[in-house]
There are 2 protein chains.
Amino acid sequence: MTRPDAVQPVFRALADPTRRAILSMLATGDRPIGDIAAKFEMTRPAVAKHLAILKEGDLITVEAIGRERINKLNPAALKTAQEWLNHFDHFWDEKLSKLKQAVEEKK
Amino acid sequence: MTRPDAVQPVFRALADPTRRAILSMLATGDRPIGDIAAKFEMTRPAVAKHLAILKEGDLITVEAIGRERINKLNPAALKTAQEWLNHFDHFWDEKLSKLKQAVEEKK
DNA sequence: TTGACATAATACCATATGGTTTCATATAAA
DNA sequence: TTTATATGAAACCATATGGTATTATGTCAA
């Protein structure tokens, strides 16, 4: 089960296009911040801030190896967002079946 | 197919807890802004701004009936976010199968 | 047609956000 | 033990964001 207060940092992290791009990048392989920053038109500290926000949402984890810090995607945290969105599918299905029911009764 | 540039206004809209609560509220039924504002500890203009951002993400639609403007959930727009998240499931599945394959070959 | 009601629009404010530059620290290599 | 490399940390800045109060507009009802 996903705690409701865990949703906020996840959606907050997903709201920025740079952060979503970082997640996509990490989906293809673990990378240190230097590699990531090289792909974007912004300075390393800017990328570091984005990584910090991704960490707060538990969307990535960091492993220190020597002087490098490898950033890894944590796909489990994405489930938090997926589950929240799935609730609407249920609501929607219910609405449709009620609508269907109403139509049936009119017949 | 979801245009890539359609993702941003959706995730932006989902990033705020008030807006997510409004979506949940609208999932249970269409409502005018007055009804919505009454449920939150903030002024109507504040709620109006949130509704405007939800509209920008196409997450809600508005239908004017007399002097009321009924806000309705548009669940189709949520698919935009769901699909983006689903990409990671695919990446993840691939990674697992490659890992499995590597293990098999070592045996 | 006047009054009440539901909402939109505008102007304004404090803080959060996304970015920068500069400086500090820890590890690897010469 | 220097020197170079990979990163973190701090101070700062412009703009976006989430909120307010106030004013304007359109529609229903007496």
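Throughout, a chain's letter reflects where its sequence line sits, starting with A, and its residues are numbered from 1.
Residues B/Leu85 and A/Ile22 are members of one and the same hydrophobic cluster, defined by side-chain heavy-atom contacts under 4.5 angstrom among Ile, Leu, Val, Met, Phe, Trp and Tyr.
An OP1 or OP2 oxygen of C/dG19 is reached within less than 4.0 angstrom by no side-chain nitrogen or oxygen of A/Arg44. Distances shown here put every side-chain N or O of A/Thr43 at or beyond 4.0 Å from the OP1 or OP2 atom of C/dG19.
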Query raised in the report: Checking side chain to side chain contact (heavy atoms under 4.5 Å, CB included) for the pair B/Lys79/B/Val10: CA distance, chi angles, key distance, verdict?
Result: CA-CA 10 Å; B/Lys79 282 235 178 299; B/Val10 173; over 6 Å; no
Query - Step-by-step side chain to side chain contact (heavy atoms under 4.5 Å, CB included) determination, B/Leu59 to B/Arg19 - result: CA-CA 10 Å; B/Leu59 289 160; B/Arg19 289 194 288 269; over 6 Å; no
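In this structure, of D/dG19, D/dG18, D/dT22, it is D/dG18 that holds the atom nearest to the side chain of B/Arg19.
Applying the ring pair (Phe, Tyr, Trp, His ring centres under 6.0 Å) test to residues at least two apart or on different chains, the pairs with a partner in residues 10-32 of chain B are B/Phe11-B/Trp84.
Going from atom CD of B/Glu41 over to atom P of D/dG19 covers 12 Å, rounded to whole Å. Distance A/Phe11 CZ to C/dA16 P: 22 Å, rounded to the nearest Å. Between A/Ile22 atom CD1 and C/dG18 atom P the separation is 11 Å, expressed in whole Å. Between the CD1 atom of A/Ile36 and the P atom of D/dA6 there is a distance of 14 Å, rounded to whole Å.
Residue-to-nucleotide proximity on DNA chain C shows that, of A/Met42 and B/Ile33, the 5′-proximal contact is made by B/Ile33.
Under the 4.5 Å side-chain criterion, counting only non-hydrogen atoms from C-beta, B/Leu23 is in contact with B/Leu14.
The other members of the hydrophobic cluster of A/Ile65, by chain and number, are A/Ile70 (side-chain heavy atoms under 4.5 Å, ILVMFWY only).
Contacts of B/Pro32 with the nucleic acid, taken as non-hydrogen atoms under 4.0 Å apart, involve only primed sugar atoms and P, OP1 or OP2.
Against DNA chain D, the stretch residues 48-74 of chain A makes heavy-atom approaches under 4.0 Å through A/Arg67, A/Glu68, A/Arg69.
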